[in-house]
S.K.: 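Take a look at this one; I'll ask things after.
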Amino acid sequence: MDTTVQALFPAHLAAIMDRTARALEATGFDGLVIASGEAPLQFADDQPYPFKSSPGYKLWVPEATPGCLLVFEPGCQPLLLFRQEVDYWHMPPREPDGAWTSGFDLRIARNAAEACDAVPRGRRWAFLGTPEPAWQGRAEPNPPDLVARLDYQRAAKTPYEVECLAKASELGAKAHRAAERAWRGGASEFDIHLEYCRAARAREQELPYNSIVACNDHGSVLHYQHLDPMPPAEHRSFLIDAGAPYAGYGSDITRSYAATTGRFADLVAGVDAAQLRLAAMVVPGRDYRDIHLEAHRLLAGVLADCGLIKGGVGDAVESGVTRVFFPHGIGHLLGLQVHDVGGLMGDASGTERSRPEGHPFLRLTRELGPGFVVTIEPGIYFIDLLLEEARADHRRSLIDWDCVDSLRGYGGVRIEDNVVAQSEGPRNLTREAFGRS
Ligand code: GLY
Ligand code: MN
Ligand code: MN
């Protein structure tokens, strides 16, 4: 871990100890046990799925190791039971020795039973993680009241978390540059992906989510999941949505490129300009739903400028035409998970804060507070399924179908940045990182 990030860890640990203590007190628990998780075996096989630490554990411990327990009782130093099994088939995990460990009482456990036995008895424990038989009668698994409070608190990041996300954007921007170079050089989606991983210094399973590496019309599939091993016959456009990891946090970045100047390049420029205006709205006190609704208005303007729609901007939004081209939410909370928890919570007890009517895919409806980190990701896509629906209803006359047909082969555009809400103005971690890369 970088020394500047490292220096922020003690205050982060103190902050999460304090807020966890308050959540435990409010819900009547003496303490909390958080499992890092295990790597489960695939069905009828002896091969494990890739291991991912549980998000609750990553909040406290920046290194991913299976089988560990974080044990916290208010007023005591947190106990890290670090699982270090010894066998000759695997390399045992290295005992952590980073500066962050000084905040913990670190003990080694050789197996699951040893870790479980090291947790004191006679307390009312809450347990976060996949319920294990060993904990039956000893801890209450995932109590909803407590989980809601902890999830709600995770939206506002500590300065340490913001720096982790800044580092994740830095690494992501570097890898995006490598991917763009590979695409401009004529590489296939598969080879672009390899270049991305090489530049991010990460195995595929270490990335915060499955990268979307989409040439031409593949960009119209919102979560396109394949990697074509063959380069496309013609290089028209490229959309890449890919993040990078840092100490358990991850960036979530999308860039779109046109191979030549022309209508599609104009569309990319229009979405980019709209994205910057929306990112400027990320300030404490802002209702995130308003950013989403403003995105529809701005994107209607882009659609009109590119000749894709007829009639006014207001008509396009009212009639639902913008939802044909922009059918997802403007973004979400970002942090330990790419779609971080608590986006729809109206308060710490978990009351849902509703989405605007007709916008079922928006993942964040909260009022932004200082330290919230969100994505801003407007897009315009040519999705056959949605276009055919619109052609069959009242929206038919509001769309210029010749213009649509001229752009279908380009797939779509999305521009996605990671932005921190702060009282002195938004901090765009992603633009900052591209500016340096
Ligand atoms: N990469 C998934 C998303 O942008 O939400
Ligand atoms: Mn996203
Ligand atoms: Mn994304």
Side-chain angles (χ1 to χ4, degrees), residues 52 55 154-155 157 165-166 168-177 179-180 189 192-193 196-197 200 202 204-214 218-227 238-246 249-257 268 271-272 274-276 278-279 281-282 288-289 291-292 295 299 325-344 355 359-366 368 372-381 383 411-421 426 428-431 433-434:
K52 307 267 181 187
R154 264 180 41 197
K157 270 58 185 179
L165 287 163
S169 253
E170 217 166 273
L171 199 52
K174 197 169 142 220
H176 269 260
R177 294 266 192 229
E180 183 195 350
E189 291 170 353
I192 296 169
H193 168 69
Y196 184 93
C197 289
E204 181 172 357
Q205 66 193 57
E206 290 167 338
L207 298 177
Y209 58 92
N210 290 333
S211 300
I212 297 165
V213 182
H218 292 161
S220 72
V221 182
L222 296 182
H223 286 168
Y224 174 69
Q225 72 276 41
H226 300 296
L227 292 169
F238 177 46
L239 183 156
I240 174 164
D241 182 344
Y246 191 87
Y249 293 81
S251 48
D252 179 9
I253 301 170
T254 310
R255 287 295 181 266
S256 302
Y257 305 98
V268 174
V271 174
D272 191 56
Q275 199 276 347
L276 284 171
L278 296 163
M281 293 176 72
V282 176
Y288 191 80
R289 295 174 295 194
I291 305 182
H292 177 77
L299 291 175
F325 295 98
F326 173 46
H328 58 74
I330 188 60
H332 47 85
L333 290 168
L334 180 72
L336 293 161
Q337 290 166 270
V338 62
H339 299 144
D340 218 3
V341 287
L344 303 178
R355 298 176 169 102
H359 298 267
F361 301 117
L362 184 59
R363 297 176 195 269
L364 175 55
T365 55
R366 284 169 71 168
L368 302 180
F372 279 38
V373 180
V374 300
T375 67
I376 295 292
E377 48 182 303
I380 288 178
Y381 313 87
I383 302 172
V413 181
R414 179 164 64 256
I415 311 282
E416 178 176 25
D417 289 343
N418 306 161
V419 187
V420 192
N428 188 324
L429 302 176
T430 310
R431 299 273 172 166
F434 273 103

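The chain is numbered in sequence order, starting from 1. Here the structure is a predicted model, which is why all the values come from computation and not from measurement. Both counts, for ligands and for their atoms, begin at 1 and track the order of listing. Just so you know, these numbers use all the heavy atoms, side chains as well, and skip hydrogens, waters and symmetry mates.
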S.K.: Centroid separation under 6.0 Å, is that true for the rings of Tyr196 and His176?
M.R.: yes
S.K.: About how many Å separate OG1 of Thr254 and CD1 of Ile240, when rounded to the nearest 0.5 Å?
M.R.: 9.0 Å
S.K.: So, the side chain of Arg355 versus the backbone of Leu362: is there a donor-acceptor pair under 3.5 Å, distance only?
M.R.: yes
S.K.: Is a donor on one side and an acceptor on the other found under 3.5 Å between the side chain of Ser251 and the backbone of Ala168?
M.R.: yes
S.K.: Determine whether the side chain, the backbone, both or neither of Asp252 has a heavy atom under 4.0 Å from any heavy atom of ligand 1.
M.R.: side chain
S.K.: Any chance the side chains of Tyr209 and Gln337 put a donor and an acceptor closer than 3.5 Å?
M.R.: no
S.K.: Hey, is ligand 1 close enough to Glu416 that some N/O pair sits below 3.5 Å?
M.R.: yes
S.K.: At a 4.0 Å cut-off, with the gap strictly under it, does some heavy atom of Val338 reach an atom of ligand 1?
M.R.: no
S.K.: Identify, by name, the N, O or S atom of Asp252 lying closest to the Mn ion (ligand 3).
M.R.: OD1
S.K.: When you compare the side chains of Asp252 and His332, does any donor N or O come within less than 3.5 Å of an acceptor on the partner?
M.R.: yes
S.K.: Looking at Tyr209, which atoms of ligand 1 are within less than 4.0 Å of one of its heavy atoms?
M.R.: 1 (N)
S.K.: So which of Arg363, His339, His223, His328 gets nearest to atom 5 (O) of ligand 1, if we judge by its closest heavy atom?
M.R.: His339
S.K.: Is any N or O atom of Glu377, backbone or side chain, closer than 3.5 Å to an N or O atom of ligand 1?
M.R.: yes
S.K.: Backbone or side chain, does Asp241 get an N/O/S atom under 2.8 Å to the Mn ion (ligand 2)?
M.R.: no
S.K.: What I want to check is whether the side chains of Tyr381 and His328 have a donor and an acceptor closer together than 3.5 Å.
M.R.: yes
S.K.: With the Mn ion (ligand 2) at the centre, find the angle made by OE2 from Glu416 and OE2 from Glu377, to 10°.
M.R.: 80°
S.K.: Kindly confirm whether the Mn ion (ligand 2) is within less than 2.8 Å of some N/O/S atom in His332?
M.R.: yes
